[in-house]
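Below you'll find the structure, written out as structure tokens, and then a few comments.
Every number for a ligand or one of its atoms is a count from 1 in the order of the listing.
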Amino acid sequence: MGREGFVPLFLLVAVASLAAPAAAAGDKSSDAAAIGDLAKSLTNPPPSWLGGGDICDRSDGITCDGSGRVTGINLARKGLSGTLHTSLSSLTALRSLQLQDNTLSGPVPSLAGMGSLTTLALDGNAFTSLPEDFLQGLISLTELSMDDLPLKPWNISDAIVNCDMLQSFSASNASITGAFPAVLANLTSLTTLRLSYNYLTGGLPAGLAGLSALETLQLNNQKSDAKLSGPIDVLASVKSLRVLWIQSNAFTGPIPDFSNSQLETFNVRDNMLTGVVPASLMGIMSLQNVMLSNNHFQGPKPNFTGTLKTQDIDSGNGFCLKDPGPCDPLVTILLEVASGFGYPYELAQTWVGNNPCDGSNQWLYLSCINKEVISINLANKNLSGKISPAFANLTQLQKLNLSNNHLTGVIPDALTTLPNLSVLDVSNNGLTGPVPRFMSSVKVTATGNQFGESGGGSGGGGGTNGGSSPSNPGGSQNSKSNAGMIIGILLAVILVIICVGLFLHHLRKKNIDKFSPVSTKSPCGESEMMKIQVVGTNGNINGSGSAVPTELYSHVSVDSTNIADIFESQGMQLPINVLLKATNNFDEGCILGRGGFGVVFKGNLNGKLVAVKRCDSGAMGTKGLQEFMAEIDVLRKVRHRHLVALLGYCTHGNERLLVYEFMSGGTLREHLCDLQHSGYTPLTWTQRMTIALDVARGIEYLHGLAQETFIHRDLKPSNILLDQDLRAKVSDFGLVKLAKDTDKSMMTRVAGTFGYLAPEYATTGKVTTKVDVYAYGVILMEMITGRKVLDDSLPEDETNLVTIFRRNMLNKEKFRKFVDPTLDLNAEAWNSLLEVADLARHCTAREPYQRPDMCHCVNRLSSLVDQWKPTNVDNDDEGETSAMGLNQQLEKWRCNDFTISDSDSFNTFNVSRKYH
Ligand SMILES: *[C@@H]1O[C@H](CO)[C@@H](O)[C@H](O)[C@H]1NC(C)=O
Ligand SMILES: *[C@@H]1O[C@H](CO)[C@@H](O)[C@H](O)[C@H]1NC(C)=O
């Protein structure tokens, strides 16, 4: 049957049914029966539904037409519970059914007979499943909202094509699974489509281009492992689009040309998009809110000159400069080259910033001399697209390998103008057209393509580097500059070694000076107790007589009170005799470790194990008591599951003691590189990932979520403590702040540990949260390789893990050997390791602005941890893992919520739920 004929026919029927009641199925009395059934199945129906008489007269939430048929039920937000009776579907005249925001449960009954229904609102209930025939027969439906339902996972069935009047379809957080439903492309009346927070996967179907009325599209935050992915080009064809939310997915490729659209809100943050942000986007006059952060955008930072209300583009991208403005010409050329291939993700990860040839941040697959690219090797990179003529602008290029990809199009003629080109390999692609004529000095390999004429074959000329004039002078020039460079590097290395030597020597000396007095100077015997003061009540009791202690401590009976009570009654202050007792007078045998700020003892406070940090008086001594107290006051408020909690403290003369929760699993350092000594078994990759995520969350909290921003400044594996389940907590945060007297001393005192110091911190003393991100990156590298950041036992050019890690990442084979040999990695784990390695590389970028924020690390890692959780579900016996997974899920939600509430604040259109 032709649909053109069908629709008017249906309209006729609908109009007729308004006037003449006794239409096909159902009548006034069956409606009354259905309402009666419904009243019974609800646990608390509107009171008037229970009385007798005409249902249309009672009308609590019921609307009727002139003939007494029920046309509307509105029970939104009535606090209803219970279920929906199956006779609901006999209300055949019903046009609007609004049940949103109650706690209705059980299955949604069949609605198949309700051909008049135009509005159906089920959202915000506790329905558990949908009927088999869901959406069948709902031919008049224009508005369907069903967000926030704890449904069994379901797919949008093809039956939805019959709802071709549907204008608004909102089903966020409704357990929809499967590939993005291509059938939606048939709903050409759609103006609003919301499918956020579901489990959709796969790419956007090309048919979406046909949704010519679509104004709001929200597909953000898919909860499936794979999320929505692929390019977003099709969206540029939806010309009516005003609001686009696709954040927190896995979309790839560049931003297409949206210049024909009416975009007001463009939220693509937290994806894997690449390339240069097109000028066409900046030219959209209607644009008000733009969110681009945490992708892999490259090239010049976009400059939205208009009147944007919200702009979130800075973090986590690879723009060449901090401010808008043209990039270095070499960057422009290379990105033009990448554009030919569609800005592949693999390139976008390292082709960032403004210095393609910059030592440790050098873009992958390039070789440079004197800041000029001399060779590019992109063989086997799964590239598609075209060979850009921009290659010809790399005038020093000698070797170009593009073999074994899927490139199409022609070899640009311009390549023949490269004066120094000696090797060109384009074999095994899908190239067509004539092969340009290269100079005889160029060895061309072009087999395995679809050239019309007999292609270049192997070699336009026999000699690889013939005596032709262009190549020789270049060669000698290069070797000259090579020599210069080598000498330069040697000098730099020697200088660095001297500096490191002096620095280490200085540290060692300092440490010796530091620690001896702690253990010998003022032994804490019984008599010492006499001088104890309870700090905070009043500061002037110092050195009072021997009669004082009984009074002071009379209310603390160490043996009978539990530790919580002690802390409670003393406001976290502990008398020193309690700590002396707990640590057996600071017995050497109780020492857990020594660090930059003192010695840590294991203590037993009434059966509860604690760690007591006895601060080095040199580090703390000059700090005023009040100031120390003020800092302690802040520190005790910093509470987080992944931070070691400060339980209490004690001051006594120059003594400063901090009491922490005891972590029975030792330090991460012991688990990573001191295995023979510590006797631990090597951590698995899953364990390392979990630890890395724990640490990231702890630091994220310190950086932004605590009452004030804390910068740890001394992150390292020995400051990461594990519990018996190998869950990690960060310790020693806030100590630098506790220890410092003034900013000046801060500069002279090198807080932090060599190897983990961000370059800008080491050289200028400038402290930002990115200092911790750097150290975190180093820790990730140690977790991947099982090596210490500085290893004197290795040859000189291999002592620094960061340098050699970054270098080895350039070569997959080398890198594989470099990974901790105790790790047993399947393919999936290996992929996740590569992701973490990439994160580590970014975290250790030289410029602070190139490093991601901690929140980004949390996001990256949590998606990886979640991603391969399922492989463990089956053979993991403890239920704890799944509980942990849930926690991580929840936390991920929370993290995402930031994103959302950010974007919420600008939202001018009407949404009922925060993430729509
Ligand atoms: C998703 O829906 C469930 C109820 O099904 C609700 O408890 C939860 O809060 C919703 N999630 C969000 C982010 O609103
Ligand atoms: C490459 O060189 C050509 C000719 O000199 C110039 O027109 C073009 O802008 C250059 N392209 C880039 C990306 O620098």
Checklist line | ligand 1 atoms in contact with P150 (distance to a heavy atom under 4.0 Å) | finding: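 Those of ligand 1 that fall under 4.0 Å from P150 are 5 (O).
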Check: Under the criterion side-chain contact (heavy atoms from CB on, under 4.5 Å), which of L117, L135, D123 is the partner of L144?
Finding: L135
Note to self: So, using ring pair (Phe, Tyr, Trp, His ring centres under 6.0 Å) as the criterion, who are the partners of F266 when residues are at least two apart?
What the structure shows: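 Result, ring pair (Phe, Tyr, Trp, His ring centres under 6.0 Å) vs F266: F258.
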Pair [X]-[Y], side-chain donor/acceptor within less than 3.5 Å:
X	Y	result
S315	S293	yes
N220	S248	no
D148	N173	yes
N317	H296	no

Check: Are K301 and D323 ion-paired here, with the side-chain N under 4.0 Å from a carboxylate O?
Finding: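 Here K301 does not pair with D323 in a salt bridge, since their nearest N and O are not under 4.0 Å apart.
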Notebook entry, point to check: So is there a nitrogen or oxygen of N173 less than 3.5 Å from a nitrogen or oxygen in ligand 1?
Noted result: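 Yes, there is a polar N/O contact under 3.5 Å.
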Less than 3.5 Å apart, N/O on ligand 2 and N/O on the protein: could you list those pairs with the distances?
unit_1: ligand 2; atom_1: 2 (O); unit_2: N393; atom_2: OD1; d: 3.3
unit_1: ligand 2; atom_1: 2 (O); unit_2: N393; atom_2: ND2; d: 2.3
unit_1: ligand 2; atom_1: 11 (N); unit_2: N393; atom_2: ND2; d: 2.7
unit_1: ligand 2; atom_1: 14 (O); unit_2: N393; atom_2: ND2; d: 3.3

